[in-house]
Amino acid sequence: MSPSKKSETFLEVEGQEVRISSPDKVVFPEPGLTKLDLAQYYVAVADGALRGAGGRPMVLKRFVKGLTQEPFFQKRVPEGHPDYIDTATLHYASGTSAEEAVVRDAAGLAWVSNLGCLDLNPHAVRAEDLDHPDELRVDLDPMPGVDWSQIVDVAFVAREVLDDHGLVGWPKTSGSRGLHILVRIAPEWGFVDVRLAAETLAREVENRAPGLATARWWKEERGESVFVDFNQNAKDRTVASAYSIRPLPDARVSTPLDWDEVRDRRPEEFTVRTVLARFTERGDPHEGIDDAVGSLDALLALAKKLGPAEKPPRSGDGAGRRVSQMPLIEVARTKTKPEAVDALEQWKAAHPDVAAQLHPADELVDGMRGSSSLWYRVRVNLQHVPEPDRPEQEPLIADYDPWAGRQWHGRE
């Protein structure tokens, strides 16, 4: 379907008139979803989506060039935003600050959708208190080669750890391969303590499920396990919130679940169309999340009992860089993921005997946050290749510099 000659339409949303530009533009060709369809979706599920993203400062992740192109991350709210969009000014450790958008109603969701934001990326704080998170986020991120049943097993271990420490976990699909577990907490601790509590949770999950779960921050050390990503609780991090549409061809949605659904349902079941029907039929499984506020005291007590997490050694060159314990070689740095995947395939074609010995988790293609968009780093872990057969570091197949030409200012 091509866009109609009419370049805009207006949605009446709870007394607000929201402009939708190019409403007939197809965003998801496979299911045939247009810009207007996506805005109407967010209005329809607003009760659930606002439970996850409402009242929180939000990074705008904008797919202005379409689904197949890399998005850019906009921290500062656009000038001339409507009156129903609030703002909050966040200050970052780098010394920069940004006045970010705060959505409080269905009209705000439609407005954000019109900007090209497929998913919603709120911070873990409310606009009224930017220093004390009220949500701890457990991100279960499977390494390549890990199947859904292993993710589920780790999720139930995480639930057990939360229960043992007086906290209630609310599961949802990430909208990709993993699971998120959201935990409401009293806004009484700063980001350092919340991250420490999340790291302690991750370490305890690893202790109870060795081999299945890992709390190791460095990707090459995780093996074929589920990484309990505690760093999503750092001050500058955001996570796709409940009912977010993810940038996959089937228009998959990050969907709240009941615990009795977790083992039997699959992420690919939940798309814009199926979630619309599900929400209409049963409402939001996370409806009670704001009534289940817990304390971090028990997890922070466990942190003291466990002691500091093991840290990787540092180089002695004065720069203090981390030294990996794994035999890594870097293959490429690229602007886009397809370029990264192509570079990896080129390297494997040039080293077929080595490539045949790699495990899925040995092929490391990592999205890295640049100044306003992602870039990709490609590495290979040679841990499963006999030392005499390991190739040396070679010139990079591609060497994209995400910082080239950037000028630094005091605001983001």
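Note that these values count all heavy atoms, side chains included, but never hydrogens, waters or copies made by symmetry.
Between Pro144 and Arg177, the closest heavy-atom pair is N-NH1, 4.4 Å. Contact detail for Val239 and Arg137: the closest heavy-atom pair is N-NH1, 3.7 Å. Nearest approach of Pro285 to Leu257, heavy atoms of both residues: CB-C, 3.9 Å. Here the closest non-hydrogen pair linking Leu136 and Ala197 is CD1-CB, 4.1 Å. What you find for Ala88 and Pro57 is that their closest heavy atoms are CB-CB, 4.4 Å. Of all non-hydrogen atoms in Pro187 and His132, the two that sit nearest each other are O-CB, 3.4 Å.
Within the structure, salt bridge (Lys or Arg N to Asp or Glu O under 4.0 Å) contacts touching residues 226-249 (residues at least two apart or in different chains) are Asp119-Arg246. Residue pairs meeting the salt bridge (Lys or Arg N to Asp or Glu O under 4.0 Å) criterion with at least one partner in residues 140-159, sequence neighbours excluded, are Asp153-Arg263.
Look at Arg203 and Glu199 and you find no salt bridge, because none of the NZ, NE, NH1 or NH2 atoms lies under 4.0 Å from a carboxylate O. Looking at Glu14 and Arg104, no side-chain N of the basic residue comes within less than 4.0 Å of a carboxylate O on the acidic one, giving no salt bridge.
Annotation: Lys348, atom NZ; neighbour count of heavy atoms from other residues, nucleotides and ligands within 6.0 Å is above 12.
Expressed to the nearest 0.5 Å, how far OG of Ser21 lies from CG of Leu36 amounts to 11.0 Å. Here the CG-CG distance, from Leu296 to Asp193, works out to 8.0 Å after rounding to the nearest 0.5 Å. One distance of note links OG of Ser244 with CZ of Arg252; it measures 14.5 Å at 0.5 Å rounding. Here the CG-CD distance, from Asp139 to Gln232, works out to 5.0 Å after rounding to the nearest 0.5 Å. In this structure, CH2 in Trp111 is found 13.0 Å from CD in Gln16, a value given to the nearest 0.5 Å. How far CG of Leu299 is from CG of Leu167: 5.5 Å, rounded to the nearest 0.5 Å.
Remark: Tyr376 engages Glu70 in a side chain to side chain donor-acceptor pair (under 3.5 Å) (not counting sequence neighbours). By the salt bridge (charged side-chain N to carboxylate O under 4.0 Å, His left out) test, Glu30 is found to be paired with no residue, residues two or more places apart in sequence or in another chain being considered. Remark: Trp170 pairs with His286 by the ring pair (Phe, Tyr, Trp, His ring centres under 6.0 Å) rule, at least two apart or across chains. For Asp134, the salt bridge (charged side-chain N to carboxylate O under 4.0 Å, His left out) criterion is met by Arg56, Arg126, not counting sequence neighbours. Every residue two or more places apart in sequence or in another chain that forms a ring pair (Phe, Tyr, Trp, His ring centres under 6.0 Å) with His384 is listed here: His359. Residues satisfying the salt bridge (charged side-chain N to carboxylate O under 4.0 Å, His left out) test with Asp258, not counting sequence neighbours, are Arg282. Applying the salt bridge (charged side-chain N to carboxylate O under 4.0 Å, His left out) criterion to Asp284, with sequence neighbours excluded, gives Arg51. With sequence neighbours excluded, the residues that form a side chain to side chain donor-acceptor pair (under 3.5 Å) with Glu269 are Arg265. Partners of Tyr42 according to the ring pair (Phe, Tyr, Trp, His ring centres under 6.0 Å) rule, which considers only residues two or more places apart in sequence or in another chain, do not exist here.
Between the side chain of Gln150 and the backbone N or O of Leu212, at least one donor-acceptor pair lies under 3.5 Å. Of the possible donor and acceptor atoms, one in the side chain of Glu339 sits under 3.5 Å from a partner among the backbone N and O of Thr336. Panel note: side chain Thr255, backbone Val253; a donor-acceptor pair is recorded below 3.5 Å. No donor-acceptor distance shorter than 3.5 angstrom exists from the side chain of Trp347 to the backbone of Ile397, with no hydrogens or angles considered. Side-chain N or O atoms of Thr173 include none that pairs as donor or acceptor with a backbone N or O of Leu179 at under 3.5 Å. Listed for the Tyr41 side chain is a donor-acceptor partner under 3.5 Å among the backbone atoms of Tyr243. No donor-acceptor pair under 3.5 Å is formed between the side chain of Ser113 and the backbone N or O of Leu109.
Remark: of the listed residues Gln346, Glu394, Gln357, Glu394 is the sole one forming a side-chain hydrogen bond (donor to acceptor under 3.5 Å, both in side chains) with His351.
Counted by atom type alone, Glu204 and His165 present zero donor-acceptor pairs between their side chains at under 3.5 Å.
Side-chain atoms of Leu11 and Gln40, non-hydrogen and from C-beta on, do get closer than 4.5 Å to each other. The closest side-chain heavy-atom distance from Val194 to Ile185 is below 4.5 Å. The shortest distance between side-chain heavy atoms of Glu135 and Asn233 does not fall below 4.5 Å.
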- Task: Please test Val103 against Ile85 for side-chain contact (heavy atoms from CB on, under 4.5 Å), starting from the C-alpha separation and ending with a verdict.
- Result: CA-CA 6 Å; Val103 170; Ile85 297 296; 4.2 Å; yes

- Evaluation steps, side-chain contact (heavy atoms from CB on, under 4.5 Å), between Thr238 and Met58: CA-CA 8 Å; Thr238 61; Met58 178 186 301; over 6 Å; no

- Query: Going through the distances and angles, do Lys75 and Glu100 end up as a side-chain contact (heavy atoms from CB on, under 4.5 Å)?
  - Reply: CA-CA 6 Å; Lys75 291 182 178 179; Glu100 299 190 7; 3.9 Å; yes

- Message: side-chain contact (heavy atoms from CB on, under 4.5 Å) for Met326 and Leu364? Distances and angles first, verdict last.
- Response: CA-CA 12 Å; Met326 293 294 176; Leu364 307 171; over 6 Å; no

Please tabulate, for the side chains in residues 287-295, all donor-acceptor contacts under 3.5 angstrom to protein atoms that are two or more places apart in sequence or on a different chain.
unit_1, atom_1, unit_2, atom_2, d
Asp290, OD1, Arg184, NE, 2.7
Asp290, OD1, Arg184, NH2, 3.2
Ser295, OG, Asp297, N, 3.1
Ser295, OG, Asp297, OD2, 3.3

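Ring geometry for Phe227 versus Phe230: interplanar angle over 60°, hence perpendicular rather than tilted (30 to 60°).
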